[in-house]
2 protein chains.
Amino acid sequence: MTTPGFHDPVHDHERCLAEALQEAEQLCRDRGAQLTPVRRRVLELVWSEHRPQGAYELLEQLQAERGRVAPPTVYRALDFLLAQGLIHRIESLNAFVGCPRPSHVHNGQFFICEACGATAELSDPGLAERIDRSAAALGFAVNQRIVEVRGHCPDCSIQGSPNP
Amino acid sequence: MTTPGFHDPVHDHERCLAEALQEAEQLCRDRGAQLTPVRRRVLELVWSEHRPQGAYELLEQLQAERGRVAPPTVYRALDFLLAQGLIHRIESLNAFVGCPRPSHVHNGQFFICEACGATAELSDPGLAERIDRSAAALGFAVNQRIVEVRGHCPDCSIQGSPNP
DNA sequence: TTTGATACGTTATAGTATAACAATCAATCG
DNA sequence: CGATTGATTGTTATACTATAACGTATCAAA
């Protein structure tokens, strides 16, 4: 798996990508889910950066390599990847990011840098519990917890930072 | 102020609305912010339900009473109301809901019923602190915390519920 | 009276997402 | 084998969400 938190601007990203793809293949094999070429390629594109990417951003890249591709193609691939837990949707950005722990069911917390876009996923079970306790007090049955924290990552919050 | 949590399907909503409007006027007066007729009307429309409403939903209502109204009009009003903290944007719905505690700076937590749309806002400072601690561990500087919990409200989670 | 700031009107367009139906293909069964 | 079924992808059109850019009106300060 990949390291938690933010990544160094220069890290071995080939390895992130390779590990994510390998884990996705394993997981789909185990579940009998079909990681087709389109779906696999979209997953690769999502994983090409540690930054949420919009559907149309992914679409453009697909079109660059395959000619005519229509929006439903990429949205269907994204739906599949979401259903398998291989990617997450960042609601506050209408964008998608790879999940570093796809085999582990969770609603993570996302820390999103407003300067460079880098996003880190954390999974604090205590936070989920705390939300669930509030929900219980309201008589509310929880399906999904969305936690998105906006701010500045370590690289962008120091003065003289690359993206002020 | 209005009561916290979910509201009874039949409650004195006139009162919710009147209180929200009164507080908004007070708050704008204190700040020298202009609660113009359009802005005030949009706030009323947002407060017409305890359920987040889309910009175009609000736009339709405005058009019904004022003839031609273009999207920027409603978006500008929403921007103003957001800036004053009089409403909140629900990111996972692209929709807007009235803030029951506008004079109190906060990032609340929203509990959103996926059946009936009813939304309750809570403010658990401990939750915010917990998020901030995670952020600090990452070296992340927090600007905004978005917490949206999807599930079923008390009225919709009982069997034989109105909106299963 | 001019100026500047603020709000609002208006037109056009950008960006995000899905409905509906056709085509393909592999697996299975009679 | 040929037919059927289910899953996936292609294709076209359209719906939904949001903003850019520029013009107009108002009002208070200089």
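None of these values were measured; they are calculated from a predicted model. Quick note: numbers below take in every heavy atom, side chains included, and nothing from hydrogens, waters or symmetry partners. By convention in this document, chain letters (A, B, ...) are assigned in the order of the sequence lines, proteins followed by strands, and residues within each chain are numbered from 1.
- Using a 4.5 Å cut-off between side-chain heavy atoms of Ile, Leu, Val, Met, Phe, Trp and Tyr, with links allowed through other members, A:Leu86 and A:Phe96 fall into the same hydrophobic cluster.
- A:Arg150 and A:Ser92 form a side-chain donor-acceptor contact under 3.5 Å, judged by distance and modelled atom types alone.
- When the C1' atom of C:dT16 is taken as reference, atom CG of A:Leu78 falls 12 Å away, rounded to whole Å.
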Per-nucleotide protein contact string for nucleotides 25-30 of chain D, where B marks a base within reach and S marks sugar-phosphate only (heavy atoms under 4.0 Å, - for neither):
------

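- Rounding to the nearest 0.5 angstrom, the gap separating the CZ atom in A:Phe6 from the CZ atom in B:Phe140 is 5.0 Å.
- Going from atom CD of A:Glu91 over to atom CZ of A:Phe110 covers 10.0 Å, rounded to the nearest 0.5 Å.
- Checking A:His50 against A:His13 by side-chain atom types alone, a donor-acceptor pair falls below 3.5 Å.
- Sorted by residue number, the members of residues 81-97 of chain B with any non-hydrogen atom under 4.0 Å from DNA chain D read B:Arg89, B:Asn94.
- For B:Tyr75 and C:dG9, the OH to P distance is 16 Å, given to the nearest whole Å.
- Distance, B:Gln63 CD to C:dT10 C1': 13 Å, rounded to whole Å.
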Under-3.5 Å N/O pairs linking protein and nucleotides 6-12 of chain D:
unit_1, atom_1, unit_2, atom_2, d
D:dT8, OP1, A:Arg39, NH1, 3.3
D:dT8, O5', A:Arg39, NH2, 3.4
D:dT9, OP1, A:Thr36, OG1, 2.3
D:dT9, OP2, A:Arg39, NE, 3.4
D:dG10, OP2, A:Thr73, OG1, 3.2
D:dG10, N7, A:Arg76, NH2, 2.5
D:dG10, O6, A:Arg76, NH1, 3.1
D:dG10, O6, A:Arg76, NH2, 3.4

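- For A:Glu65, the side chain to side chain donor-acceptor pair (under 3.5 Å) partners are A:Arg41, not counting sequence neighbours.
- Residues A:Gln84 and A:Arg31 have side chains that bring a donor and an acceptor to within less than 3.5 angstrom of each other.
- A donor-acceptor contact under 3.5 angstrom links the side chains of A:Ser103 and A:Glu23, judged on distance only.
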Donor-acceptor pairs are to be reported for all side-chain atoms of residues 70-82 of chain A against protein atoms at under 3.5 Å, with residues two or more places apart or in another chain.
none

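- When rounded to the nearest whole Å, the span between CG of B:Leu59 and P of D:dT19 equals 14 Å.
- Where the helix from C:dT1-D:dA30 to C:dG30-D:dC1 starts and where it ends, the local axes point in directions that differ by 0°; five pairs per end, rounded to 10°.
- For the residue pair B:His152/B:Glu114, the side-chain donor-acceptor check at 3.5 Å is not satisfied.
- Counting only heavy atoms from C-beta outward, the side chains of B:Asp155 and B:Pro9 approach each other to under 4.5 Å.
- The aromatic ring of A:Tyr56 stacks onto the base of C:dT16, its centre lying under 5.5 Å from the centre of the six-membered base ring with the two planes under 30° apart.
- To the nearest 0.5 angstrom, A:Glu148 atom CD is 4.5 Å from A:Ile112 atom CD1.
- What separates CD of B:Gln53 from P of D:dA18 is a distance of 14 Å, to the nearest Å.
- Hydrophobic clustering (ILVMFWY, side-chain heavy atoms < 4.5 Å, transitive): B:Ile131 and B:Leu122 are in one cluster.
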